[in-house]
Amino acid sequence: MSTTHAVVSPAQWLEARKALLLKEKELTRLSDEIAKQRRALPWEEVTKSYVFDGPNGKETLQDLFKDKSQLIVYHFMFGPDDDAGCNSCSFYGDSHNGTDIHLEHRDTTWVAVSRASYEKLAKYKERMGWTWKWVSADGNGFPEAMNVAFNKPYDGTEMYNYGTPKRLFSEMHGMSVFFKDKESGKVYHTYSAYARGADILLGTHNELDFTPKGRDDEHFGDYKMAWLRRNDEYEDTKPGECCTSEAKAKTEA
């Protein structure tokens with residue numbers, strides 16, 4: 001970044017800052033209104049039974065709530081044939097570490113779900129130093145039902161982020177929210193977000209947005225997160241990789 005950026009007097013700086021503050025307050029109020037509309041969305045009942053494999057053995061979707069009525073699921077890109085989790089999803093995994101205790105005091109449980117075997121997930125989780133819960137959905141159909149996993153051959157009818165994606169991999173990321181009626185035991189799907197819809201969850205990105213250089217990713221082309229490494233790989237000099245083994249194969253082709 002050049003030092004030719006505008007430099008003004010303290011009074012001029014304050015005037016410019018107050019002008020931007022008005023827009024920031026507009027954005028805050030709009031965000032509050034959207035959150036209200038999000039909570040007012042209709043729900044759909046989850047009628048299929050899903051069984052996951054995790055640190056507690058076999059658990060149903062209902063079990064994942066523990067004693068809470070709300071469940072947030074992060075759809076983490078780690079397929080059965082992958083040797084490691086997605087770079088970008090790992091970035092989010094770092095952001096979430098340590099927040100479970102706070103969510104649980106708001107009647108909410110959080111869990112990551114992937115199609116890789118639990119053995120692979122546990123090994124990678126230990127490597128990354130994460131403390132949150134991760135379960136395997138391998139073969140249970142849950143990621144497919146949430147439109148974050150796709151089986152080949154693709155036929156053009158696949159839906160991701162509520163539309164037909166320009167690029168599609170067998171594993172895609174997103175987050176979904178569920179509510180459980182404690183009396184009836186019924187579970188409802190209340191919300192899902194994909195792609196940049198889940199960007200707000202990345203604390204590091206949001207902090208960088210406050211800095212003069214911002215995310216500083218314009219020169220990376222279509223893959224804006226090419227700078228990113230897993231938290232134990234920043235000494236590597238090779239270019240950042242795009243997520244899954246399938247994505248890497250396409251990049252290399």
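- Annotation: ring pair (Phe, Tyr, Trp, His ring centres under 6.0 Å) contacts of Y191 (sequence neighbours excluded): none.
- Clustering of Ile, Leu, Val, Met, Phe, Trp and Tyr by side-chain heavy atoms under 4.5 Å joins L30 with I34.
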Open item on the list: If you apply the rule salt bridge (Lys or Arg N to Asp or Glu O under 4.0 Å), what do you find for R17 with E24, and how did you get there?
Closed with: CA-CA 10 Å; R17 179 65 189 93; E24 289 176 333; 2.9 Å; yes
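- Contacts of T164 classified as side-chain hydrogen bond (donor to acceptor under 3.5 Å, both in side chains), with partners at least two apart in sequence or in another chain: none.
- Ring-plane geometry between H205 and F91 is classed as perpendicular, the angle between the planes exceeding 60 degrees on a 0 to 90 degree scale with a lower cut at 30.
- Heavy-atom minimum distance, N206 versus L202: ND2-O, 2.9 Å.
- Residues forming a side-chain hydrogen bond (donor to acceptor under 3.5 Å, both in side chains) with N151 (at least two apart in sequence, or on another chain): R115.
- Minimum heavy-atom separation, G129 to N97: O-ND2, 3.1 Å.
- Under a cut-off of 6.0 angstrom, the local environment of CD in E119 is sparse, with at most 12 non-hydrogen atoms contributed by other residues, nucleotides or ligands.
- Judged purely by distance below 3.5 Å, without hydrogens or angles, the side chains of S90 and N87 never pair a donor atom with an acceptor atom.
- Taking the six-membered ring where the residue is Trp, F76 and W132 present tilted rings, their angle falling between 30° and 60°.
- Y124 meets the ring pair (Phe, Tyr, Trp, His ring centres under 6.0 Å) test with F78, W130; sequence neighbours excluded.
- A donor atom on one side chain and an acceptor atom on the other are not found under 3.5 Å apart for H102 and T99.
- Among residue pairs with one or both ends in residues 40-52, those qualifying as side chain to side chain donor-acceptor pair (under 3.5 Å) are E44-H189; sequence neighbours excluded.
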